[in-house]
Protein chains: 2
Amino acid sequence: METITENEKVRVAKKIKKMFGHIDQRTAEYCPIRDVMALASDKWSILIVLYLGYYPILRFNELKKKVYGISNKVLSEKLKFLEADGYLSRTLYPEVPIRVEYELTDFGHSYLQKLLDLTEWVTQYSDIILANRKKSGKSTTKVF
Amino acid sequence: METITENEKVRVAKKIKKMFGHIDQRTAEYCPIRDVMALASDKWSILIVLYLGYYPILRFNELKKKVYGISNKVLSEKLKFLEADGYLSRTLYPEVPIRVEYELTDFGHSYLQKLLDLTEWVTQYSDIILANRKKSGKSTTKVF
DNA sequence: TTATATAAGTAACTTTTTGTAACTTACTCT
DNA sequence: AGAGTAAGTTACAAAAAGTTACTTATATAA
């Protein structure tokens, strides 16, 4: 892991300030992190977007198998939110039995590109993180 | 928003495949997205990390004010997880009343850099997303 | 000498969200 | 007529999050 210089920390702080025009401003009517990002950065949404990035088109039950562990109910809910926010498209073929296909939109692909940088970083360092976690039965807190 | 070419989509799919060595492999003993990233990409953890990127050192109650809306209980829990996983450090000054300071570690700063790219993207496009969301009272589903 | 204040939490309880498992719909095929 | 199928929905249970009051240790004010 590359160490971060003081200069870079300052640059990051400036970017945060710019991003949160409303930093420290309690009265903000809405917050992009809470109101937008939170709906696409939970674990199920991330997995759905990643799998649709890998398999360009997936049906409901295919997605359910790929994103193992997700329930019908939550998959259905997450897909609705991701569709409503424009990350993916839903196409219905009124055959019997019914067929429904999910696919990332251009917007969803654009999101995936950014998301992937983060998931790659986390995957790369997940061993380190798990090692940290193990150790910290004993608290890492410093006392002065 | 930059449109994504087919070539780029293929490149992204390859990166996903590489990242998930175990893609399509149900028996994976652990999943970095579920077991590691999920604990640092929820809305409260993101906000904690961002605020600690902006204000390098914050005490418990200062964080509580910055990350408005969070409860004592959840703030305390999230801080413990973020400390255990190595993103931040906790320093205790046994004064009266007690003083506790939280600060990003180098590892946390490294995470923040990647996270920031994503939050900037989301912030930049959050108006578009909210506009999408409004419209989609009428479903966007296509029928064939 | 009590009484008050303070920071950083914890504990008990309520509300919301998530997960589980069975059910529904609209046909086709046996 | 009865079974089978995909894509969900529904009713209920379990888990997570939010709320409010409480704790601890000590300095300072009354």
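The figures that follow rest on heavy atoms only: side chains count, while hydrogens, waters and symmetry mates do not. Convention: sequence-line order gives letters A, B, ...; per-chain numbering from 1.
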Please state whether the phosphate of dT10(C), meaning OP1 or OP2, lies under 4.0 angstrom from any side-chain nitrogen or oxygen of Lys80(B).
yes
Base, sugar-phosphate, or nothing: which does Ser76(B) touch, judged by heavy atoms less than 4.0 Å apart?
sugar-phosphate
Plane angle bin for Tyr93(A) and Phe144(B) - parallel if under 30°, tilted between 30 and 60°, otherwise perpendicular
parallel
On the 0 to 90° scale, with breaks at 30° and 60°, tag the Tyr51(B)-Tyr55(B) ring pair as parallel, tilted or perpendicular.
parallel
Hey, which sits more toward the 5' end of DNA chain C by its nearest nucleotide, Leu79(B) or Pro97(A)?
Leu79(B)
Please give, in whole Å, the distance from dT6(C) P to Asn72(B) CG?
15 Å
Output the rounded distance in Å from NZ (Lys43(B)) to C1' (dA17(D)).
10 Å
What's the CZ-P distance between Arg99(A) and dA7(D), to the nearest Å?
9 Å
Considering only dA8(C), dG18(D), dA26(C), which nucleotide approaches the side chain of Val96(A) most closely?
dA26(C)
Please give me the minimum heavy-atom distance between Lys142(B) and Ser89(A), naming the atom from each residue.
NZ-CB, 3.5 Å
For Glu77(A), is there an ion pair with Lys80(A) - N to carboxylate O distance below 4.0 angstrom?
no
What is the separation between atom OH on Tyr102(A) and atom P on dA6(D), rounded to the nearest whole Å?
15 Å
Between Arg59(B) and Ser71(A), which residue's closest nucleotide on DNA chain C lies nearer the 5′ terminus?
Arg59(B)
Val74(B) has its side chain closest, among dT9(D), dG18(D), dT10(C), to dG18(D)
Are any of Trp44(B)'s side-chain N or O atoms less than 4.0 Å away from OP1 or OP2 of dG18(D)?
yes
Heavy-atom closest pair, residues Tyr102(A) and Leu88(A)
CD2-CD1, 3.8 Å
Whole angstrom value for the distance that separates P of dG8(D) from CD of Glu95(A):
13 Å
Would you mind reading off the distance between Glu77(A) atom CD and dG8(D) atom C1', rounded to a whole angstrom?
12 Å
Looking only at the side chain of Lys73(B) (C-beta and beyond, no hydrogens), which of the listed nucleotides dA7(D), dG18(D), dA8(C) gets closest?
dG18(D)
Between dG18(D) (P) and Lys64(B) (NZ): distance, integer Å
12 Å
Between atom OH in Tyr93(A) and atom P in dA7(D), what is the gap in whole Å?
12 Å
